[in-house]
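By convention in this document, chain letters (A, B, ...) are assigned in the order of the sequence lines, proteins followed by strands, and residues within each chain are numbered from 1.
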Amino acid sequence: MNEPSYQPLPTDLEQTLRGMGGLEAPQELDDRVALSLTAVEPAPEELWTRVQSVLAEEASADVSSTTRILSFRRFAAAAAVMVVLGAGLWMGGVFSGASQGSVSLETLRDQYGARVLVLRVEPSQLSATAQGLAGSLGAPVSGGKSL
Amino acid sequence: MPSSEEQLVKDCQAARGVDFEAAFGRLYALYKDRVYTICFRVTGNQDDALDAAQETMVTLARRISDFQFRSRFSSWVYRISVNAAIDTRRRRLDAPRGKVRTHVGSGKEEGWMADSTAEGRDSDPVVSAQRTESMQAVRDALANINPKFASLLVLRYLQDLSYEQIAETLDCSLGTVKSRLNRAHTALREHLSQRGGTSHSIS
């Protein structure tokens, strides 16, 4: 895009602008600058020596606190692992007791068989269909032997 | 750069402690009114002008040892002043607007010499009143147009810098200065015409 052609300011406006120059800075500026520059007094070498010693102390304090935090964390982690392992072993003992070979199959059969209702009936007490079903499952249905 | 001014700068660069204060004090006296004028006209009020001028002077004192005489010292001072004034004005716009001193009718004690002197030139009270009104309008315009444009107008017309020195001050080309100055003229005229009530011929 082309720059619009140069348009000088009207003479009276330019004169007004030129008449606005030459202000006199107030005394307040002198005071402010003097105060500001007073603040930039060069520091003696001793200042750095002092600051350095404080920084060194703080740095060593930081290191020890970090070590404490780390040792606590290690302890906490180890304790957590031990708790988990202990719980695992205990739970393993509870659940493994039922499935391990120390209890025989016969014992289990007697244990759970006791919970099954056993009812003996004579073949004559069953209908022909029931007798047929019992016979197909291997039950003696003749000779007066009860089921 | 005048040789005495160059010597003053070198004195500041070489001096330390109390000697620095004395050397910088002479440089400060040489520039404080020019710096304050730039800051006041760009910011439009005394509080901000003082802030910006203070910032300029403190920056000068702290960085004068870095000045390498590759440009005029005055250009460097004006550049720092303009930047400080623009920054201060922007901060003022961002911050809640409090009460500020505006210099109106404040007289010499608040740095209003030029306007009151100009007013004093007219013996006719009507002409004097018109001049005061015109100055007020232009002052308001400078304080409200883009601060970069205001800075250009201040450097060109209030500090009476050449295009070359403005280019050196703002670190830009001569063509850029002319182009921006043209836009600054337009912005000033537009602001005055929108405001109305000015006796300037703005078209």
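Between B:Lys178 atom NZ and B:Ile166 atom CD1 the span is 11.0 Å, to the nearest 0.5 Å. With values rounded to the nearest 0.5 angstrom, B:Phe73 atom CZ is found 7.0 Å from B:Cys12 atom SG. Atoms CG and CG, on A:Leu23 and B:Leu158 in that order, are 7.5 Å from each other to the nearest 0.5 Å.
Applying the side chain to side chain donor-acceptor pair (under 3.5 Å) test to residues at least two apart or on different chains, the pairs with a partner in residues 143-159 of chain B are B:Tyr157-B:His185. Annotation: ring-ring contact (aromatic ring centres under 6.0 Å, His included) contacts involving residues 10-32 of chain A, sequence neighbours excluded, are absent.
In this structure, B:Asp48 does not pair ionically with B:Arg91, as no charged nitrogen and carboxylate oxygen lie closer than 4.0 Å.
Comparing B:Thr37, B:Leu153, B:Val154 by heavy-atom pairs within less than 4.5 Å of chain A, the highest count is held by B:Thr37.
Contacts of B:Phe24 with chain A are made by side-chain atoms alone, with heavy-atom separations under 4.5 Å and no backbone atom involved. Only the side chain of B:Leu142 comes within contact range of chain A, judged by heavy atoms closer than 4.5 Å.
Every residue two or more places apart in sequence or in another chain that forms a salt bridge (charged side-chain N to carboxylate O under 4.0 Å, His left out) with B:Asp160 is listed here: A:Arg18.
Within residues 26-34 of chain B, the residues having any heavy atom less than 4.5 Å from a heavy atom of chain A are, in residue-number order, B:Tyr28, B:Lys32, B:Asp33.
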